[in-house]
Amino acid sequence: MTFKKITAEEAASYVKNDDNVGFSGFTPAGCPKIIPEAIAKRAEEEHKNGNPFRIGIFTGASTGDHIDGALARANAIKFRTPYQSNKDLRTLLNADGTAYFDMHLSELAQCLRYGFLGKVDVAIIEAADITDDGEIVPTEGVGIAPTICRLADKIIVELNHFHPKETRGMHDIYEPADPPLRREIPIYTPSDRIGQPFIKVDPKKIIGIVETNNEADGSKFSPLDDVTLAIGKNVSDFLVNEIKAGRIPASFLPVQSGVGNVANAVLGAMGANKEIPAFNIYTEVIQDAVIKLMKEGRVRFASGCSLSVSLEVLKDIYADLGFFKSKILLRPEEISNNPEVARRLGLITINTALEADIFGNINSTHVLGTKMMNGLGGSGDFTRSAYLSIFTTPSTAKDGKISAFVPMVSHLDHSEHSVKIIITEHGVADLRGKSPRQRAQAIINNCVDPGYRSLLNEYLNMGIKGHTPQNLNCCFAFHQEFAKSGDMHNVDWKNCL
């Protein structure tokens, strides 16, 4: 059938107040751009006329400013899940201006199918191509697109001609059956293809196509500094030692790495260390460092949910699709982040901590326990199921006034039971097989900034006798001191005893 071509404003008119809308993409990669901005303008107009207009938003992960930023500024968000990283949305949700549900990314698609989160009224999908019989080729990010397309009453396609049709074949679209019919996900190596190279939908549900030619939102990462480079080297050296000790196979294992500068530094250091064999990636976000290493022959294959790369790197990929289509697969996040697959493949997982305590618990999300930064993302999907789970973090923040290591985390995302290794610019804490006190000593001696070691050793020594030597009168003294004076160095344990 021939689909109706509509404007972004016409597309926005199909979205009603109180609708739940699902958007394609994962990070800004693969997210629609002009339709959500038109929805935001419509919300502003409705509000000026005294009418309510807010929508629920389901996405793969964070989005670009076209979705989260525009809709937050228009006060058009009824609720938001599962992850965000936009400054304006963060401000809104931390002011309790909208509801936000932070959740494991691998669970969202199935939670929608189970009916736990309400219905999906409209799915808005960025596509590189669409056929008359309803085959949608996503762009550089997939997210939850297959599920929201199947569940939504209406589908609107933002056909972005910036992305070449020839990307068809780079995607592997697969939805598992739901219980009691679920079977194993048949991925045994990162390069296994198990689905289709497109999202198949009922053509009758597509109510219109909005044609665009908008560049992707990919931005360059900040230059690596001495701290991130040191973290990368420490990770690389640790993995080499694990190979030499026989605890990692000599052929190595697939790697999952989070997003950001530290992750890029870690991957770069691993690629530069020729004692680590060329390796495969099984992850959620494929970043610039992966593409560079792929060109150098250091990464053999990368499976992920999105090409979260800079615009320059994305153009390089599109200019040499013959090479990259044989080395990259983009999957729905339900598959890229699936704990079953992570456990089967034996992933080495490397994620970033916002805060850790001296016993190995990790806070990935909340500043001082209350202010949401971004969200849990996929870190939990991978950490618990990893062959070897690693968390990295700079040891301090705010020019040293914040210690990344505290007596007790102000918010818990990953417990000590799932965290095997912590690495900072100062060194490596191997927590495997250690008691709480032994873990604390390893973290303080190897990972904590020297300016905070004596304080944390004092805390450990004054802990209440028991299996975990915490002191409930003083366990949040670092956070309280920062709120009071702006510098955790100023902690005086006498004030809480």
Side-chain angles (χ1 to χ4, degrees), residues 8-9 11-12 15 17 19-48 52-103 105 108 122-126 139-141 143-145 148 156 158 160 162 210 212-222 259-261 285 305-311 314 365-367 371-377:
E9 291 70 27
V15 178
N17 176 53
D19 273 355
N20 293 335
V21 181
F23 294 93
S24 65
F26 192 102
T27 70
C31 291
K33 300 167 181 62
I34 67 171
I35 297 175
E37 289 188 338
I39 295 171
K41 289 179 181 178
R42 181 170 173 223
E44 291 171 346
E45 292 169 0
E46 293 288 346
H47 295 160
K48 286 179 183 178
F53 193 96
R54 301 179 91 196
I55 60 173
I57 300 178
F58 302 117
T59 65
S62 60
T63 72
D65 191 68
H66 303 286
I67 297 177
D68 281 341
L71 292 167
R73 291 188 293 272
N75 194 24
I77 302 175
K78 175 178 62 172
F79 72 82
R80 178 75 171 85
T81 197
Y83 185 86
Q84 58 77 42
S85 62
N86 180 270
K87 180 179 180 294
D88 292 318
L89 178 55
R90 184 185 303 122
T91 299
L92 182 68
L93 64 89
N94 280 325
D96 202 25
T98 189
Y100 177 63
F101 179 36
D102 187 28
M103 66 183 296
L105 299 186
L108 178 55
V122 184
I124 302 176
I125 309 296
E126 185 182 72
T139 58
E140 83 275 37
I144 56 171
I148 58 175
I156 305 172
E158 189 168 300
N160 190 346
F162 169 79
V210 178
T212 73
N213 195 348
N214 288 13
E215 286 189 339
D217 284 338
S219 57
K220 290 186 177 181
F221 292 94
S222 302
V259 66
N261 271 10
V285 289
C305 187
S306 73
L307 286 169
S308 298
V309 297
S310 64
L311 180 59
L314 184 63
T365 57
H366 285 73
V367 176
K371 298 293 186 182
M372 172 60 71
M373 178 58 71
N374 296 329
L376 181 63

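Predicted model, so just to flag it, every value in this text is computed and none were measured.
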Mind checking the [atom1]-[atom2] spacing from [X] to [Y]? Nearest 0.5 Å is all I need.
X: Asn94; Y: Leu89; atom1: CG; atom2: CG; result: 9.0 Å
X: Ile77; Y: Ile57; atom1: CD1; atom2: CD1; result: 4.0 Å
X: Arg90; Y: Tyr100; atom1: CZ; atom2: OH; result: 9.5 Å
X: Leu93; Y: Asp88; atom1: CG; atom2: CG; result: 11.0 Å
X: Asp19; Y: Ile55; atom1: CG; atom2: CD1; result: 8.0 Å
X: Asn75; Y: Phe53; atom1: CG; atom2: CZ; result: 12.0 Å

Asp68: which residues meet the side chain to side chain donor-acceptor pair (under 3.5 Å) condition with it, sequence neighbours left out?
Thr63, Arg80

Taking only residues two or more places apart in sequence, or in another chain, which ones meet Ser24 in a side chain to side chain donor-acceptor pair (under 3.5 Å)?
none

Any sub-3.5 Å donor-acceptor pair from [X]'s side-chain atoms to [Y]'s backbone N or O?
X: Ser306; Y: Phe26; answer: yes
X: Gln84; Y: Met373; answer: yes
X: Glu158; Y: Ile125; answer: no

Side-chain touch [X]/[Y], heavy atoms, less than 4.5 angstrom:
X: Thr59; Y: Pro82; result: yes
X: Tyr83; Y: Asn374; result: yes
X: His366; Y: Met372; result: yes

Checking Asn17 against Lys78: is there a side-chain donor and acceptor pair closer than 3.5 Å?
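No, because no side-chain N or O of Lys78 sits under 3.5 Å from a partner of the opposite role on Asn17.
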
Taking atom types as modelled, is there a side-chain donor on Asp217 or His66 under 3.5 Å from an acceptor on the other?
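A donor-acceptor contact under 3.5 Å links the two side chains.
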
Using the test side chain to side chain contact (heavy atoms under 4.5 Å, CB included), find all partners of Glu45 that sit at least two apart in sequence or belong to another chain.
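With neighbours one apart ignored, the set is empty.
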
List in chain and number order the residues that pass side chain to side chain contact (heavy atoms under 4.5 Å, CB included) with Ala76, two or more places apart in sequence or in another chain; answer none if no residue qualifies.
Ala43, Leu71, Ala74

Contact summary for [X] and [Y], nearest pair of heavy atoms:
X: Ser308; Y: Thr27; answer: OG-OG1, 2.7 Å
X: Ala216; Y: Phe162; answer: N-CE2, 3.6 Å
X: Thr365; Y: Asp102; answer: CG2-OD2, 3.6 Å
X: Ala11; Y: Val210; answer: CB-CG2, 3.9 Å

Please list all pairs meeting salt bridge (charged side-chain N to carboxylate O under 4.0 Å, His left out) that have one or both residues in residues 53-67, counting only residues at least two apart or in different chains.
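Sorted pair list: Asp65-Arg73.
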
Side-chain donor-acceptor pairs of residues 29-36 under 3.5 Å, sequence neighbours excluded:
unit_1	atom_1	unit_2	atom_2	d
Lys33	NZ	Cys31	O	2.9
Lys33	NZ	Glu126	OE2	2.6

Does CG belonging to Asp96 count more than 12 external heavy atoms closer than 6.0 Å?
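No - once you tally the heavy atoms of other residues, nucleotides and ligands closer than 6.0 Å, there are 12 at most.
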
